[in-house]
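Some notes on the structure that comes next.
As the structure is a computational prediction, the values presented were derived from the model and not from experiment. We use all heavy atoms of the structure for the numbers below, so side chains are in, but hydrogens, waters and symmetry mates are not.
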Amino acid sequence: MTPMVRTTPAILTALLLITACQNDPRESPQYQQLAEDTRRAEALIAEKDSMLDAMFGTFNRISENLRNIRARQGQLTAPLGGAENGRSGEERIMEEIEQIDGLLAENRALIDKLRGQARSSAKGLNELERTLADFETTILEQDQEIADIKEQLASSNSSLATLIDMYRDKSQQADQQARELNTAWYAVGTAKELRDAGVLTKEGGVVGIGGVDKLTTKRFPAEHFTQVEIDGTERIPVLAKKARLVTTHPEGTYRFTDGAHQLLILDRDAFWSLSKYLVVVVE
């Protein structure tokens with residue numbers, strides 16, 4: 001009997017420890033899941049707060065530009081006068097036109113950026129969409145007002161008309177170049193789908209075994225690519241569990257989210273610096 005009496009407290013202690021561990025709510029799967037959900041919610045809230053801060057900053061910039069444009073419109077309709085600070089009246093007007101066009105272009109780019117952020121959010125931020133629509137209406141109205149003023153100035157002054165025509169030609173070329181620089185294309189699919197479509201070609205290997213998939217250098221199948229604007233694109237849908245990039249894009253400028261549900265572009269300029277074509281192979 002004696003040995004049994006001596007070992008009983010040790011056994012009881014062990015049982016109590018086991019029971020305590022089993023009863024500790026922090027060790028339960030439910031608690032662990034709740035803690036993980038809390039961490040995800042906090043991260044999501046932080047991301048939303050950061051996005052809203054950036055949006056409000058962009059709103060303020062757009063509003064400031066609109067006020068600046070309105071103020072400069074008055075300068076366009078002011079009398080030409082003589083030379084001022086070494087500038088003729090025509091030169092002063094052209095500088096104002098260039099400044100206004102630059103502000104309008106900046107506002108359009110900022111609105112595209114905000115709309116891209118709205119599309120990437122879970123619910124699209126309907127209120128933001130309404131605000132952006134109001135901004136766009138205002139910009140279109142100002143664009144038309146500036147165009148009317150340009151026509152009036154050109155019809156009333158022959159030398160200014162020549163300058164405006166030259167400026168328009170130069171602006172159109174610059175706009176075309178800017179659109180080309182701001183355009184990229186992407187394609188997503190399995191390796192077989194992309195090879196069958198002519199997007200990829202396999203190089204290397206022996207008798208069809210091995211080799212590396214590369215972007216085709218033959219007739220480019222543009223119909224299999226989706227065109228995007230670089231400035232307004234932060235996320236690209238992939239909708240896969242695993243994925244890899246075939247085209248060359250610098251490390252650290254992107255990451256996949258939720259496995260490979262989306263490709264998140266962290267640095268747009270750097271991401272597209274080596275290739276304006278993105279090919280994602282999914283598995």
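- Contact detail for Lys276 and Glu180: the closest heavy-atom pair is NZ-O, 4.1 Å.
- For Ser63 (side chain) and Asn60 (main-chain N/O), no donor-acceptor pair under 3.5 Å exists by modelled atom type.
- With respect to the salt-bridge test (charged N to carboxylate O, under 4.0 angstrom), the residues Lys192 and Asp213 do not qualify.
- Checked for salt-bridge contact, Glu106 and Arg61 meet the test: a charged N lies under 4.0 Å from a carboxylate O.
- Inter-residue side-chain proximity for Trp272 and Leu278 is flagged as met; some heavy-atom pair is nearer than 4.5 Å.
- You'll find the side chain of Ile230 stays beyond 4.5 Å of the side chain of Thr183, heavy atoms only.
- Proximity of Thr253 to Leu266: side-chain heavy atoms (C-beta onward) are nowhere separated by under 4.5 Å.
- Between the CG atom in Leu103 and the CD1 atom in Ile69 there is a gap of 5.0 Å [rounded to 0.5 Å].
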Exercise. Can Glu229 and Arg268 be said to form a salt bridge (Lys or Arg N to Asp or Glu O under 4.0 Å), step by step?
Worked result: CA-CA 10 Å; Glu229 292 183 356; Arg268 290 190 293 266; over 6 Å; no
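- No close placement of the Tyr277 and Tyr186 rings is indicated, their centers lying 6.0 Å or farther apart.
- Put simply, CD1 on Ile146 and CD on Glu151 are 12.5 Å apart, with the number rounded to the nearest 0.5 Å.
- From Glu95, atom CD reaches atom CZ of Arg72 across 9.5 Å, with rounding to the nearest 0.5 Å.
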Exercise. Going through the checks in order, is the side chain to side chain contact (heavy atoms under 4.5 Å, CB included) test met by Leu110 and Phe59?
Worked result: CA-CA 8 Å; Leu110 290 171; Phe59 281 144; over 6 Å; no
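- Taking CD1 of Ile97 as the start and CD1 of Ile149 as the end, the distance is 8.5 Å to the nearest 0.5 Å.
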Exercise. Run the side chain to side chain contact (heavy atoms under 4.5 Å, CB included) check on Val282 and Leu239 step by step: do they pass?
Worked result: CA-CA 9 Å; Val282 301; Leu239 307 178; over 6 Å; no
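- Asp258 places no side-chain N or O within 3.5 Å of a backbone atom of His261 that could act as its donor or acceptor partner.
- Partners of Arg255 under the salt bridge (charged side-chain N to carboxylate O under 4.0 Å, His left out) rule, at least two apart in sequence or in another chain, do not exist in this structure.
- Looking at Tyr254 and Ile236, their side chains never come closer than 4.5 Å, going by heavy atoms from C-beta outward.
- Relative ring orientation between His249 and Phe271 is described as parallel, the plane-to-plane angle staying below 30° on a 0-90° scale split at 30° and 60°.
- Electrostatic pairing of Lys241 and Glu283 does not count as a salt bridge here, judged by no charged N lying under 4.0 Å from a carboxylate O.
- Glu98 meets the salt bridge (charged side-chain N to carboxylate O under 4.0 Å, His left out) test with no other residue; sequence neighbours excluded.
- In this structure, Thr233 and Ile265 approach most closely via the heavy-atom pair O-CD1, 4.0 Å.
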Problem set entry | Arg108 vs Asp143, salt bridge (Lys or Arg N to Asp or Glu O under 4.0 Å): CA-CA, chis, key distance, verdict | CA-CA 11 Å; Arg108 284 190 286 267; Asp143 219 349; 3.1 Å; yes
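- A side-chain N or O of Asp148 and one of Gln144 form a donor-acceptor pair less than 3.5 Å apart.
- Residue Thr138 holds its OG1 atom at 8.5 Å from CD1 of Ile111, rounded to the nearest 0.5 Å.
- Looking only at side-chain heavy atoms (C-beta outward), Leu66 and Gln142 come within less than 4.5 Å of each other.
- Within the 4.5 Å cutoff, side-chain heavy atoms of Arg70 are placed close to those of Glu145.
- Here the shortest heavy-atom pairing between Val280 and Ala243 reads CG1-CB, 3.8 Å.
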For this session: Show your working on side chain to side chain contact (heavy atoms under 4.5 Å, CB included) between Asp101 and Leu104 and close with a plain yes or no.
Result: CA-CA 5 Å; Asp101 285 350; Leu104 287 168; 4.3 Å; yes
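- Contact check for Phe135 versus Asn107: no side-chain heavy atoms found under the 4.5 Å cut-off.
- Closest of all the heavy-atom pairs between Ala187 and Leu194 is CB-CD2, 4.3 Å.
- Closest approach of Val281 to Thr190, counting heavy atoms only: CG1-C, 4.3 Å.
- There is a path of hydrophobic side-chain contacts, each under 4.5 Å, that joins Leu215 to Trp185.
- Residues Leu274 and Thr247 are not in side-chain contact: their nearest non-hydrogen atoms beyond the backbone lie 4.5 Å or more apart.
- When all heavy atoms of Val238 and Leu263 are compared, the closest pair comes out as CG2-N, 3.9 Å.
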